[in-house]
Amino acid sequence: MSSVLVVAGAVFANGKLLIAQRAYPPELAGLWELPGGKVESGETHSDALVRELCEELNVDVSVGEPLSEVVRPREGLELVAIRARIVSGEPRPVEHRALRWVDADDLIALDDAGSVVPNDRAWIPELVADLRVE
Ligand code: C5P
């Protein structure tokens with residue numbers, strides 16, 4: 001079985017983090033995530049993140065450091081979150097239901113309300129720590 005690698009973008013600007021509300025599948029619709037998607041063969045993590053955020057948000061980003069937590073929800077699936085900043089464009093929800101800029105308290109409240117995609121919850125402590133110093 002080949003392994004699936006997903007990259008997700010932790011996009012920061014003006015002291016806030018950009019999160020996206022999933023439109024599908026039904027069990028995840030309405031929940032918030034870091035936007036991203038599957039790394040295709042031949043791509044680096046960074047290439048894949050730039051492509052995915054262009055497709056999903058219609059922005060160009062510069063890619064920074066990965067978060068330290070790598071998420072392995074099941075055999076054959078690995079998710080890596082990478083910090084990024086917008087270089088050009090105004091983000092819009094091309095594939096998501098909505099986008100939102102959140103601060104640390106907003107993110108904690110969404111998590112407490114059960115509104116974060118389960119796979120992404122492991123990143124919250126590190127994202128909150130980043131937001132506190134943004
Ligand atoms: O967004 P897309 O459907 O291309 O994502 C590929 C896979 O990665 C899906 O299983 C999705 O649920 C998962 N994913 C995730 N957290 C993210 C982005 C994607 O669990 N932030």
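Remember, it's a predicted structure, so these values are computed and weren't measured experimentally. Each ligand, and each atom within it, is numbered from 1 in the order the structure gives.
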**Q** Provide, to 0.1 Å, the distance between atom 20 (O) of ligand 1 and the closest protein heavy atom, together with that atom's residue and name.
**A**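 I find the closest protein heavy atom is Asn119 ND2, 2.8 Å.
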**Q** Determine whether Ile82 and Ile19 fall in the same hydrophobic cluster, where Ile, Leu, Val, Met, Phe, Trp and Tyr are linked whenever their side-chain heavy atoms lie under 4.5 Å apart.
**A**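 As far as the 4.5 Å side-chain criterion goes, Ile19 and Ile82 are not connected within one cluster.
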**Q** Where do Val87 and Ser62 come nearest, in terms of heavy atoms and distance?
**A**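 Nearest pair, atom of Val87 first, then Ser62: CG2-N, 3.4 Å.
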**Q** I need the atoms of ligand 1 closer than 4.0 Å to a non-hydrogen atom of Leu28, numbered in the order shown.
**A**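 Counting from 1, the qualifying ligand atoms are 12 (O).
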**Q** Could you walk me through whether Asp103 and Arg132 pass salt bridge (charged side-chain N to carboxylate O under 4.0 Å, His left out), step by step?
**A** CA-CA 8 Å; Asp103 63 20; Arg132 299 265 191 232; over 6 Å; no
**Q** May I ask you to list the atoms of ligand 1 that are less than 4.0 angstrom from any heavy atom of Leu79?
**A**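 This gives 14 (N), 15 (C), 16 (N), 20 (O) as the contact atoms.
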**Q** How does Val4 reach ligand 1, if at all, at less than 4.0 Å between non-hydrogen atoms: by side chain, backbone, both, or neither?
**A**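 None of Val4 does.
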**Q** Please verify whether a non-hydrogen atom of Arg22 lies at under 4.0 Å from ligand 1.
**A**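 True for this residue.
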**Q** Any nitrogen or oxygen of Asp120 lying under 3.5 Å from a nitrogen or oxygen in ligand 1? Just yes or no.
**A**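 N/O-N/O distance under 3.5 Å: yes.
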**Q** State, without any angle test, whether Glu126 and Ser68 hold a side-chain donor-acceptor pair at a distance under 3.5 Å.
**A**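 Note: Glu126 and Ser68 side chains meet the donor-acceptor criterion.
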**Q** Looking only at N/O atoms, are Gly37 and ligand 1 under 3.5 Å apart anywhere?
**A**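 Checking ligand 1 against Gly37, no N or O pair falls under 3.5 Å apart.
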**Q** List every atom of ligand 1 that sits less than 4.0 Å from any heavy atom of Leu34, numbering the atoms from 1 in the order shown and giving each element.
**A**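 Close to Leu34: 17 (C), 18 (C), 21 (N).
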**Q** Does the N or O separation between Lys38 and ligand 1 drop below 3.5 Å for any pair?
**A**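 N/O-N/O distance below 3.5 Å does not exist for this pair.
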**Q** Which residue owns the protein heavy atom closest to atom 18 (C) of ligand 1, what's the atom, and how far is it?
**A**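 Protein heavy atom at minimum distance: Glu33 OE1, 3.4 Å.
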**Q** Going by the order shown, which atoms of ligand 1 are within less than 4.0 Å of some heavy atom of Gly36?
**A**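 Within the 4.0 Å cut-off of Gly36, ligand 1 contributes 1 (O).
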**Q** Donor-acceptor pair, distance only, cut-off 3.5 Å: does the side chain of Arg22 make one with the backbone of Tyr24?
**A**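 Here the side-chain-to-backbone pair exists.
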**Q** Pick out which of Arg92, Glu95, Arg51 makes a side chain to side chain contact (heavy atoms under 4.5 Å, CB included) with Glu56.
**A**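 Passing option: Glu95.
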**Q** Return the minimal non-hydrogen interatomic distance between Glu43 and Lys38, and the atom names on each side.
**A**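 Looking at all heavy atoms of both residues, the closest pair is OE1-O, 4.3 Å.
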**Q** Is at least one protein non-hydrogen atom found at under 4.0 angstrom from atom 11 (C) of ligand 1?
**A**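 Yes, there is a protein heavy atom closer to it than 4.0 Å.
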**Q** Taking only heavy atoms of Val6 into account, list the atoms of ligand 1 that are under 4.0 Å away from them.
**A**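 Counting from 1, the qualifying ligand atoms are 7 (C), 8 (O), 19 (C).
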**Q** At their closest point, which heavy atom of Leu49 faces which heavy atom of Val7, and how far apart are they?
**A**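 In this case the closest contact between Leu49 and Val7 is N-CG2, 3.8 Å.
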**Q** Look at atom 8 (O) of ligand 1 and say whether a protein heavy atom is found at less than 4.0 angstrom from it.
**A**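 At least one protein heavy atom is under 4.0 Å away.
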**Q** Is it true that Glu65 and Arg83 have a side-chain N and a carboxylate O under 4.0 angstrom from each other?
**A**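 Arg83 and Glu65: not salt-bridged.
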